[in-house]
Amino acid sequence: MWTYHPELLATAVPRYTSYPTAADFGTLEDGTLERAIGQAEGDISVYLHIPFCEQICYYCGCNTAVSGKRARVEAYLAALHQEIATLGSLLPRSARVRRIAFGGGSPNAILTGEFLAIVDALHAHLPLFAPEWSIELDPRSLSAAWSQVIGSVGVTRASMGVQTFAPHCQKAIGREQSLTMICRGVDWLRAAGVTSLNFDLMYGLPHQSEADLEDSLDYTTKLGADRIAVFGYAHVPHLVPRQTMIPEDALPGAAARFAMASEAHRILTGHGYEAIGFDHFALPRDPMARAMRTGTLRRNFQGFTDDPAEVLIGLGASAISGFPGLLAQNEKHTGRYRQLSGEGRLSARHGIVRSPEDQRRGAVIEALLCRGEAQLPPDLVAEVAERLLPFLTAGLAALSGERLRILPGGLPYARVIAALFDAYRSLTPRRFSSAI
Ligand code: SF4
């Protein structure tokens, strides 16, 4: 069991899917992303954002809308096709696309024919080199037809948004899906050739008890998920207005959330899952667990990943592209995204050029979150010494010379410890969620 130190978790901190974080982005000069893409070499990964869902869950902070308005979906997909063609015209011959991920939203909220047309466009315009395909799926809109398409494309990695199996919690978050529906989805995906299946689960949900979480973990392990992400629900209705639908007085308090995170860790590691970073778990055979063991785990906009590529190009409204020296976010507003993309232009006008100092601090933060330790430059040891002391004193971290290690009991504090190296923080604390 982890020890709860509320004073050390009092500050809201970023999830650090990038450093600097998206909250630190500013305006980019026209053509910045185009120039970075023109210099991309070797293996690259591509992410495609499909911002539609059949139904919108009350808790969701994603950039997504209901898929019922067909004309809107079709116009968006036309812009995405144009953006794929534009990317193809910019990429140098030396670039090789090795991974393709579909996320959202729910990629399976569009029609199977529309999905296959996007896959065809990727083959036609981009230098694909036996890429690994992955997709995020909403079990509520998964069908036999969708699983056949997933099999025909060669998707081997899939992630299902499950969140909780408890019906009363599902009702409170506006996401009702039966156990039968999830079981059927698992069978379909396995038959389609998915070898790495992730379940997203949540703790800290309205009306959720520890027993509810334990039941959800039990179903998940019995269904054989290869990976499990256990996220803490972040209640920030001032940033995500649809969360006002969630009854605030039914949310577990901070100590209960901590206990739930601790239980999830205990139960899943007890079932043979390896802890990956601070909120993921994977069976030892899964590539994510192998990356953890070999010290090659990375963190990018999709969270923890075994993807070694230095370049990730995001397509679609609000998608973020990452390069060692640049982070660039596409236009979030789908109307403006469609207009720019339709003109054959990339829509990223927002982002940050990563300075050598950003890259140096980003490497420390990534090492702490992915490997649980980092070799610190001497000036950073001196800079954080005073703020690090409470974590050292509490036995949550250890500093030997310039080597900082997060100790096993320090895992729930990893984001707070990593944030000590963030030169941008203290500026916008309200924009982040609690660290547990
Ligand atoms: S299905 Fe996923 S992306 Fe869509 S609203 Fe629900 S949580 Fe958000």
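Bear in mind that the values here come from a model prediction, so they are computed numbers and not experimental data. Indexing begins at 1, ligand by ligand and atom by atom, following the structure's order. Numbering of residues begins at 1 and proceeds along the displayed sequence.
- Under a 4.0 angstrom heavy-atom cut-off, Glu136 registers as lying outside contact with ligand 1.
- Residue, atom and distance of the protein heavy atom nearest to atom 6 (Fe) of ligand 1 are Cys57 SG, 2.3 Å.
- For the pair Phe281 and Ile276, the minimum side-chain heavy-atom distance is 4.5 Å or more.
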**OP:** Check the pair Asn330, His49 against side chain to side chain donor-acceptor pair (under 3.5 Å), reporting the backbone distance first and the verdict last.
**Re:** CA-CA 10 Å; Asn330 281 357; His49 189 72; over 6 Å; no
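- Judged purely by distance below 3.5 Å, without hydrogens or angles, the side chains of Tyr203 and Glu263 never pair a donor atom with an acceptor atom.
- Side-chain contact, Tyr47 with Asn300: no donor N or O sits under 3.5 Å from an acceptor N or O.
- At least one heavy atom of Ser106 sits less than 4.0 Å from an atom of ligand 1.
- When each atom of ligand 1 is checked for a heavy atom of Arg175 under 4.0 Å away, the hits are 1 (S), 2 (Fe), 6 (Fe), 7 (S).
- Among the atoms of Cys60, an N, O or S atom falls under 2.8 Å of atom 8 (Fe) of ligand 1.
- Between the side chains of Ser196 and Asp286, at least one donor N or O sits under 3.5 Å from an acceptor N or O.
- Contact annotation: Arg140 has at least one heavy atom less than 4.0 Å from an atom of ligand 1.
- Listed by number with element, the atoms of ligand 1 under 4.0 Å from a non-hydrogen atom of Tyr59 are 7 (S).
- The closest donor-acceptor contact from the side chain of Ser216 to the backbone of Phe165 lies under 3.5 Å.
- Of all atoms in ligand 1, numbered sequentially from 1 with element shown, those under 4.0 Å from a heavy atom of Asp138 are 1 (S).
- Those atoms of ligand 1 that come under 4.0 Å of a heavy atom in Cys53, given as number and element, are 1 (S), 3 (S), 4 (Fe), 5 (S).
- Residue-ligand proximity, Gly105 to ligand 1, at heavy-atom distances under 4.0 Å covers atoms 3 (S).
- Here the rule is side-chain contact (heavy atoms from CB on, under 4.5 Å) with Ile313, and of Leu126, Leu91, Leu48 only Leu91 fits it.
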